[in-house]
Amino acid sequence: MLDQRFDPAEAEPRLYKAWETKGCFKPSGNPDAEVYSIVIPPPNVTGVLHMGHALNNTLQDILIRFERMRGKNVLWQPGTDHAGIATQMVVERQLAEEGNVSRRDMGRDAFVARVWEWKEQSGGSIVNQLKRLGASCDWSRERFTMDEGLSKAVTKVFVDLYNKGLIYRDKRLVNWDPHFQTAISDLEVDQREVNGHYWHLRYPLADGVTYEHPVKDEDGNVTGTETRNYIIVATSRPETMLGDTGVAVHPEDERYKGLVGKFVELPIVGRRVPIIADEYANPEKGSGAVKITPAHDFNDFQVGERAGLAKLNILSAVAAIVDGAEADAAGIPADYRGLDRFKAREKVIADFEAAELLDHIENVKIEQPFGDRSNVVIEPWMTDQWYVDAKTLAQPAIAAVREGKTKFVPENWEKTYYNWMENIQPWCVSRQLWWGHRIPAWFGPPSDDEGCRSKTSGPFRIFVAPTAEEAKAQAEEFYKCRVNLGPDNTVGYRADQPVGPGNRYTEVDLQHDEDVLDTWFSSALWPFSTQGWPDQTDDLKTFFPTATVVTAFDIIFFWVARMMMMSLEFMGEVPFRDAYIHALVLDEKGQKMSKSKGNAMDPLDLINEYGADALRFAMSRLAGQGRNIRLSKQVVEGNRNFATKLWNAARFAEMNECGAPACIDFPTVESPVNRWILSELSTCIADVTKGIEDFRFNDAAGALYKFIWNTFCDWYVELIKPLLGGMDDGAKSETRQVCGYVLDETLKLLHPFMPFVTEELWERRATGRTAEQGFLMMQQWPAFTGLHDKAASDEINWVIDLITEIRSLRNDLDIPAGTKVPFALVNAGDEIEARAMRHEDVLKRLARLEDIAITDATPAGAVTLVFGDTVTALVIADLVDIDAACKRLDKELAQLDKDITSTEKKLANADFVARAPEEIVEENRERVRDWTARREKLRAARKGLEGL
RNA sequence: GGGCGAUUAGCUCAGUGGUAGAGCACUGCCUUCACACGGCAGGGGUCACAAGUUCGAACCUUGUAUCGCCCACCA
């Protein structure tokens with residue numbers, strides 16, 4: 001006997017373990033079956049399950065369980081991502097808490113060993129959390145982006161791209177994160193609006209130059225000019241003036257035209273820098289004159305390139321402090337050395353103020369770049385980094401989507417994809433971290449006879465190879481001398497080797513690049529690196545390309561686009577046929593959930609409280625395409641209630657011995673109610689199947705909710721109670737079979753969404769089921785082989801409508817629920833009378849009727865109920881509230897009058913009749929006929945009431 | 001600055017040319033033998049606004065307003 005409720009806390013872990021132990025998550029390996037594979041978006045190894053993961057993996061699990069039940073050879077490939085910055089951060093924090101030495105004191109090898117240790121001990125707890133959610137990944141194949149195999153793939157891709165000229169080293173401005181002390185890619189920078197200032201600084205003009213500057217009154221009208229021996233520039237970052245190498249004005253700006261070609265004398269550093277004309281200067285912004293710091297600003301960099309200005313690094317590349325070799329050349333005073341950039345800012349302002357060169361300060365909101373993980377202001381920096389030629393790789397990736405080889409769902413994300421891909425910038429892939437894939441590049445001294453492969457050649461000769469030994473061999477071949485592999489952790493290279501005859505070195509030390517690759521570089525290979533590439537494994541042949549990738553829109557650029565590029569380059573194929581882009585999970589107010597806002601809901605809390613099924617179904621029902629999901633506790637609770645409802649339906653079945661039938665011979669089913677529910681089931685199967693196929697999870701879940709609660713529980717169960725309690729053994733047996741069958745089929749349909757409660761019920765309903773049939777999750781997906789019996793549907797819908805009408809009337813007339821009322825059909829006709837008699841028990845039971853009489857005249861003291869246009873039925877009651885009955889009729893009559901009038905008006909319109917499709921016109925005519933007939937009957941009933 | 005999306009019942013959202021829908025919340029009744037995590041019955045909307053196309057518009061077109069998000073080099 002089933003308990004009154006499902007206990008998820010007890011059942012879910014037990015069921016999950018049973019599935020996993022029995023190997024249910026492994027691919028079937030059936031060579032005749034179609035293959036269906038998904039690679040999980042690898043969560044960070046440091047990650048904890050959040051709502052986004054919960055949604056993302058629920059949707060994948062639905063697809064996976066669905067296709068598995070459809071008999072496909074299914075693989076859901078799991079794994080985690082080494083997450084360079086995040087992981088390094090976690091371990092460094094741990095070191096600090098334990099009072100240990102810092103990473104730098106520890107040294108690279110020891111630190112990396114320590115991270116691995118952390119990973120083995122505490123990494124990947126998210127895997128267990130995914131199991132709580134019910135994710136049916138094949139964990140025996142779990143991968144990690146820093147596995148040996150995946151690292152091999154990463155190295156190969158880097159080397160190959162380098163050899164193809166698609167990876168190169170370049171010195172240009174990068175987004176420098178001063179907190180983590182590494183370069184980051186454009187995507188890892190968030191623009192945030194903050195309260196800031198424009199400092200309007202006076203730069204004295206050199207060589208005694210002066211000019212006339214317009215003076216404005218308070219209303220902005222020019223009232224005259226004043227003579228100035230300075231030019232004003234506005235800046236939100238005053239400290240960068242230390243690295244200024246120019247001042248730009250717009251060529252058409254009348255105010256400054258005369259100053260182009262002149263110089264300013266830069267305060268503090270005393271450097272002469274030119275005033276140049278450049279269209280970048282916007283006369284409307286600030287003072288119209290803009291200071292140019294090419295080494296610390298992306299715009300200025302380009303202006304500097306055009307004007308041939310020097311690029312002076314004034315901040316140290318180790319921390320955001322004023323330092324570095326070039327600071328000397330820039331003439332920066334000694335008391336600025338070692339100052340933090342913001343301290344330097346204060347000092348610059350103070351110095352300007354002291355020199356009476358600070359014109360004024362303006363309070364403004366400014367957009368500032370922040371590191372998305374560090375949350376500190378990004379410093380644009382001139383450094384040598386590795387870049388991927390994304391523009392070249394993007395072309396086939398764009399074409400593949402245009403040709404429909406990969407489809408985005410919903411389609412509108414293709415625009416976002418194109419937009420980004422068509423404007424893609426070089427991808428900076430080197431990171432100054434220790435945790436990650438070390439870049440397979442070795443530096444040697446430059447040679448005179450051949451420049452190195454980087455765009456700006458720099459002082460290095462670069463050897464890129466899969467292993468140090470191969471790099472060494474390359475170098476020996478190149479230098480024609482002895483080559484040593486330099487020790488790790490030494491910065492730079494030894495170019496101080498003696499040069500021999502013929503301008504050749506006699507001995508060379510190679511230094512392994514210190515940097516590691518962007519984490520997303522390895523993620524981009526995930527669909528094929530997890531399957532054994534670069535080896536041509538069976539898994540690779542079987543499961544690549546994958547069917548679908550499921551991810552949130554904020555990952556399109558980071559991951560989806562890059563998988564497309566890498567996959568097309570190295571596999572010559574798209575990595576997935578469909579990219580399903582789902583929404584973000586927001587809180588009930590539509591705010592993005594975040595720890596700092598304190599509005600984050602923990603999926604594990606919800607799972608503990610309501611069960612994983614409830615959370616999964618809640619999200620599925622809300623997962624409409626193109627919509628964000630607003631989740632609240634209340635919604636999850638509602639879906640837990642749904643699970644209880646299903647559970648109790650099964651309990652009802654159990655009490656009434658509705659077991660699991662071996663099979664149903666549909667054509668032999670006799671009872672209309674059973675034929676009706678089988679028809680409804682067919683429709684439900686079609687809707688759910690189509691819904692999942694089309695990634696319309698909310699439609700599929702909605703169809704199930706409606707079928708189970710409204711159709712099965714509210715009506716079918718009630719309608720069959722008389723049959724189950726009746727004397728007709730044939731009907732009873734048939735009903736038990738059909739009820740059991742429909743319930744079992746429903747469990748299958750619901751299983752991808754609510755795997756636990758359905759599996760539990762399947763097991764508990766095992767009576768009559770053979771052991772070999774096994775788990776519900778391994779059952780075959782229901783096919784559309786039920787039946788569609790229109791006559792049965794018409795009949796049962798008639799019964800349902802009649803019961804509803806009578807209940808409504810009873811309610812309006814305040815007839816107590818317990819009171820049984822006599823009921824009569826008046827001149828209803830043979831067919832209707834027969835139908836009513838067939839369902840006499842049900843009608844009496846559900847409408848709470850005393851009896852059903854067949855008459856040809858309205859009984860005395862009765863209230864008539866007009867049901868449909870052919871049936872006149874009536875309710876007899878001793879104490880009827882006449883006023884209430886009249887009111888009810890009047891209300892409906894008023895509505896009918898309104899409807900009839902407006903429809904008649906429509907039909908009187910010649911254009912409508914002439915141009916609208918015939919069936920629409922006929923539909924309207926029929927409507928008027930029905931309504932008019934009904935109105936006549938209602939009017940008669942109204943008259944009858946007045947006589948009481 | 002560019003792009004995308006949204007605006008339908010108190011709330012969350014379906015509905016893409018033919019009589020406005022669901023869930024939750026709300027109101028009333030009901031401890032009826034699967035379920036009070038329940039049942040039955042209700043109330044509640046000029047479909048943001050304006051113009052246009054059409055016999056007919058929540059739906060198509062254009063514009064406006066408000067909100068949200070993404071991208072973009074921080075004077």
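What's counted below: heavy atoms across the whole structure, side chains too, no hydrogens, waters or symmetry copies. Each chain gets a letter, A, B and so on, in the order its sequence line appears, and its residues count up from 1. Bear in mind the structure is a predicted one, so any value in this text is a computation, not a measurement.
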Testing A:Phe553, A:Phe557, A:Trp420, A:Tyr418 for ring-ring contact (aromatic ring centres under 6.0 Å, His included) with A:Trp413, which one passes?
-> A:Phe553
Opposite nucleotide pairing with B:rC47, Watson-Crick or G-U, both atom distances under 3.5 Å = none
Nearest-Å distance for atom pair CD1/P, residues A:Ile292 and B:rC74 = 14 Å
Rounded distance in Å - CG (A:Leu809) to C1' (B:rC29) | 15 Å
How is A:Gln4 classified with respect to the nucleic acid when contacts are heavy atoms under 4.0 Å: base, sugar-phosphate, or nothing?
-> sugar-phosphate
Complementary nucleotide for B:rU66 - Watson-Crick or wobble, under 3.5 Å = B:rA6
Listed nucleotide nearest any side-chain atom of A:Ala916, set B:rG18, B:rC40, B:rA41 | B:rG18
With sequence neighbours left out, write down each residue that passes side chain to side chain contact (heavy atoms under 4.5 Å, CB included) with A:Thr711, or none if nothing qualifies.
-> A:Trp676, A:Ile677, A:Glu680, A:Phe707
Using a cut-off of strictly less than 4.0 Å, decide whether A:Arg696 has a side-chain nitrogen or oxygen near OP1 or OP2 of B:rC13.
-> no
Check: A:Arg621 side chain, A:Asp699 main-chain N or O, donor-acceptor pair, under 3.5 Å | no
Going by atom types alone, do A:Arg192 and A:Asn375 pair a side-chain donor with an acceptor below 3.5 Å?
-> yes
Give A:Phe557 one of three labels, base, sugar-phosphate or nothing, depending on what nucleic acid heavy atoms sit under 4.0 Å from its own.
-> sugar-phosphate
Shortest side-chain distance from A:Arg237, nucleotide among B:rC74, B:rU12, B:rA34 | B:rC74
Measure distances between side-chain N and O atoms of A:Arg640 and base N and O atoms of B:rC37, and say whether any donor-acceptor pair falls under 3.5 Å.
-> yes
Can you tell me if the side-chain N/O atoms of A:Gln895 get under 4.0 Å from OP1 or OP2 in B:rU19?
-> no
Has the side chain of A:Arg640 got a donor or acceptor atom that lies under 3.5 Å from a matching backbone atom of A:Tyr610?
-> no
Closest to the side chain of A:Phe912, out of B:rC35, B:rG18, B:rG39, is B:rG18
With a cut-off of under 6.0 Å to the ring centre and 45° to the axis, is A:Arg5 in cation-pi contact with A:Trp647?
-> no
For B:rG38, give its Watson-Crick or G-U wobble partner with both distances under 3.5 Å, or none.
-> B:rC30
Compare the minimum distances between each of B:rC40, B:rA14, B:rA34 and the side chain of A:Arg807, then state the nucleotide with the smallest one.
-> B:rC40
Which nucleotide, B:rA34, B:rC71, B:rC74, lies nearest any side-chain atom of A:Pro369?
-> B:rC74
What integer number of Å spans the C1' atoms of B:rC4 and B:rC11?
-> 26 Å
Is A:Lys898 near enough to B:rU19 that one of its side-chain N or O atoms lies under 4.0 angstrom from OP1 or OP2?
-> no
Applying the 3.5 Å cut-off to both distances, the Watson-Crick or G-U partner of B:rG1 turns out to be B:rC71
More 5' along RNA chain B: A:Gln368 or A:Arg5, using each one's nearest nucleotide?
-> A:Arg5
Phosphate OP1/OP2 of B:rG38 contacted by A:Asn641 side-chain N/O (<4.0 Å) = yes
Taking the P atom of each, how far is B:rU12 from B:rG3, in whole Å?
-> 29 Å
Pairing nucleotide - B:rG18, Watson-Crick or G-U, each distance under 3.5 Å | B:rC55
